[in-house]
Amino acid sequence: MADDSKNDELKKKTSMPWLTKLSFGVGHVFNDLCASMWFTYLLIFYEKVLLFDSTVAGLVLLVGQVADGLSTPIVGIFSDKQNKIPICARYGRRKVWHLMGTVLVIVSFPFIYSNCLGCEDQDQWTQLAYYSIFVCIFQFGWACVQISHLALIPDLTRNKNQRTELNSIRYAFTVLSNLLVFVITFFILNTGSSSSGSQGKDPNCTATTSPSPNPTSSPVLGSGLVRADECSSTDTIGPEDANKFRNIALICVGVGAAFSLIFHLGVREPPFVPVKQQMVAVEGQEATKGYARKMKKVDWFKELPFYQIAVLYMATRLYVNLYQVYIPLYVQETLQLSETFIATVPFAMYLAGFLGSLVMKEINKKIGRKRTFALGCTVGIAGCLWVWFGQGDYFVQWGIFLVATLLGIGGSTLLITSLSITADLIGSNVEGGAFVYGFMSLVDKFSNGIIIMIIQNFNPEESWYYRSVITFACGASCVLGIIVTISLINVKVGRRRGESVVLDILEEPDTPEEDGGIDNPALTIISDGKIPMDTKPNACQLRAEDNPSMCQLGLKDVPNLCPKGSENSEKAED
């Protein structure tokens, strides 16, 4: 009973208040609202509303991705540095960058979804230069918020389960943010009058099927059927919707700014301790080298898992961003559904992702990170294959929503798990957390921008094209994720080169209990109060009789752990 009470007290001390967790979770809502509009409606807006050529529209997105990709490592490097300005240091090095990024997003994002001020009648390339300025400002601000928010996770807690929980809460709000965007879009596009004076659009407008003179012309419906649009011309996105997209962007800015305020008021960033001050002695002796080896930025590039997880994160973002970008175009161009569906189909997709995020912590605990990621890839591939083989009236009426469910669940699984694996890679090296996330984001943004530009450039403007993009581009991303996961099977994520395996006994078990994972006896000793939690014990301080893992490893494998002649050294030799 005494031991149980001690464990309960220890859990209370190390647990994080729910208010802090929720406040942290809403800290990325502003970015999520903007990202939802960026990936879901950017190409629709520039191609259908501003009437840009598909290649020029793709260039707008590419400029943004390149600007974001270049910004993230810069933000990561400077966010990791100690802030020597007193007021900023007290506020928190991560939160300062978050605040600056929020301001930049507020002043730039509405211009991206508005008509070109003073250059509306100019050619596309002139307008491209105009929009690129605001896109670059927006993407730099977006990177400031993203990297500082992600880097705050390892700073707030070193517990793996709590990190997964924070990522799950963060993603849950990401999904809710996306759902909010789709709800706002649904009501704004289907209410009020457009700028051209039309009387609004009929939300009940649907399309029917009629015999096709050329059965091969429609790969989606098949059986000699094509979609015949029974709606008026105002039921598709056009230039008359410019003000509506601007209003959606303004609403997103207002809501996002309010949630950012909640984050800054509700989360207190732990004080930053420079690396030199962290290297304290334990009982008059130097802390064991390798137990908390601090990573310089150049050291990360010497670690193979650093590159493996970068590719894993890249595959995740490719899958999620590509279906987010091309689902609206697939719905409008391939399935030829009314504009209502460019809100309802993504809504179903993210609602399914939200429900999946609620159980992600438990799934990670039961089967482990790597198996969870592989499971998400499998679900994602199933959704992509259904897009390819789906046809007939059932598909356009309700089958597309089941596909959206599979894509959403797969996306939420991959995002939460990949971010958790990245946090595991950082481990106790929180001083370089922002740099790691920045590098991951650099690879993600560049790959996304290049792939989307290639897809846009080769667009034959055929209805079947977007079906092929979702099937093969998103499906290939999942396959790449599975390949990287296989390469990580025997890799201990978070262990550095040159670190002794004996130090693994001081870490939380990463293996699910079903696979033979057991409670770590070293951690049990610590939690029982035999060793203070605020110290970094040398492995030789854990007596063999208290720690069977030490006996199993054998001290002969780690001869320099105990100084010769010490009491612990003599016990180890016995």
Side-chain angles (χ1 to χ4, degrees), residues 32-52 54 57-58 60-61 64 112-113 175 177-190 201 203 205-207 220 227 229 231 234-242 244-246 248-249 252 318-353 383-384 387 390 395-396 399-408 411 448 451-452 455-456 459 461-471 473-474:
D32 294 328
L33 293 170
C34 295
S36 180
M37 282 205 70
W38 173 264
F39 286 110
T40 308
Y41 298 123
L42 186 82
L43 295 184
I44 284 277
F45 178 75
Y46 281 88
E47 289 186 27
K48 305 299 182 182
V49 177
L50 299 183
L51 303 180
F52 278 23
S54 61
V60 176
L61 196 146
I112 298 175
Y113 284 91
V175 175
S177 302
N178 281 271
L179 296 179
L180 180 60
V181 170
F182 302 139
V183 170
I184 294 170
T185 302
F186 177 84
F187 282 105
I188 289 185
L189 289 180
N190 290 282
K201 300 174 176 62
C205 178
T206 58
V220 176
R227 301 207 62 75
D229 190 5
C231 305
T234 60
D235 286 297
T236 57
I237 300 296
E240 68 276 1
D241 294 305
K244 295 188 175 183
F245 278 93
R246 179 203 61 200
I248 296 170
C252 289
L318 273 175
Y319 170 74
V320 173
N321 291 343
L322 287 176
Y323 75 58
Q324 192 172 1
V325 167
Y326 288 105
I327 277 290
L329 290 169
Y330 170 71
V331 167
Q332 281 242 304
E333 299 295 327
T334 305
L335 300 184
Q336 297 182 14
L337 299 174
S338 66
E339 68 178 22
T340 301
F341 285 84
I342 72 170
T344 54
V345 173
F347 183 91
M349 187 164 56
Y350 279 94
L351 179 61
C384 295
V387 168
F395 186 74
V396 295
I400 182 62
F401 293 101
L402 295 181
V403 169
T405 298
L406 291 175
L407 294 176
N448 274 273
I451 295 298
I452 291 175
I455 292 172
Q456 289 295 106
N459 188 352
E461 299 187 357
E462 296 286 345
S463 62
W464 52 264
Y465 185 66
Y466 298 112
R467 182 190 68 160
S468 301
V469 168
I470 294 175
T471 301
C474 294

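Considering CZ of Phe39 and CD1 of Ile452, their distance stands at 6.0 Å, rounded to 0.5 Å. Atoms OH and OG1, on Tyr350 and Thr40 in that order, are 5.5 Å from each other to the nearest 0.5 Å. Here CG of Leu42 is found 9.5 Å from CD of Glu47. Values are rounded to the nearest 0.5 Å. Atom CZ in Phe186 sits 12.5 Å away from atom CD1 in Ile248 (nearest 0.5 Å). Note that CH2 of Trp38 and OH of Tyr113 are 7.0 Å apart. Values are rounded to the nearest 0.5 Å. Expressed to the nearest 0.5 Å, how far OG of Ser177 lies from CE of Met37 amounts to 13.5 Å.
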Q | Criterion side-chain contact (heavy atoms from CB on, under 4.5 Å) on Ile327 and Val331, from CA distance to verdict | A | CA-CA 6 Å; Ile327 277 290; Val331 167; 4.3 Å; yes
Q: Show your working on side-chain contact (heavy atoms from CB on, under 4.5 Å) between Ile112 and Tyr46 and close with a plain yes or no.
A: CA-CA 10 Å; Ile112 298 175; Tyr46 281 88; 3.6 Å; yes
Q.
side-chain contact (heavy atoms from CB on, under 4.5 Å), that's the test. Do Ile342 and Tyr41 meet it? Break it down for me.
A. CA-CA 9 Å; Ile342 72 170; Tyr41 298 123; 3.9 Å; yes
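The side-chain heavy atoms of Phe395 and Leu335, taken from C-beta on, include a pair separated by under 4.5 Å. Tyr330 has its side chain out of reach of Val469: every pair of non-hydrogen atoms, C-beta onward, lies at least 4.5 Å apart. Inter-residue side-chain proximity for Leu179 and Leu351 is flagged as met; some heavy-atom pair is nearer than 4.5 Å. Looking only at side-chain heavy atoms (C-beta outward), Thr344 and Phe401 come within less than 4.5 Å of each other. Put simply, the side chain of Leu43 reaches to within 4.5 Å of the side chain of Gln456, judged on heavy atoms. The shortest side-chain heavy-atom distance between Tyr465 and Ile455 falls under the 4.5 Å cut-off. At least one side-chain heavy atom of Leu318 sits under 4.5 Å from a side-chain heavy atom of Asn448.
Proximity of a side-chain donor or acceptor of Tyr319 to a complementary backbone N or O of Leu407 within less than 3.5 Å is detected. For the pair Thr185 (side chain) and Val181 (backbone), a donor-acceptor distance under 3.5 Å is present.
The heavy-atom pair separating Ala473 from Leu322 by the smallest distance is CB-CD1, 3.7 Å. The two residues Lys244 and Leu189 have their closest heavy-atom pair at NZ-O, 3.6 Å.
A ring-centre distance under 6.0 Å is not found for Phe182 and Phe347.
Put simply, the residue from Asp241, Val49, Ile237 that forms a side-chain contact (heavy atoms from CB on, under 4.5 Å) with Ile44 is Ile237. Of the options Ile184, Asn190, Val183, a side-chain contact (heavy atoms from CB on, under 4.5 Å) to Phe187 is made by Val183 and by none of the others.
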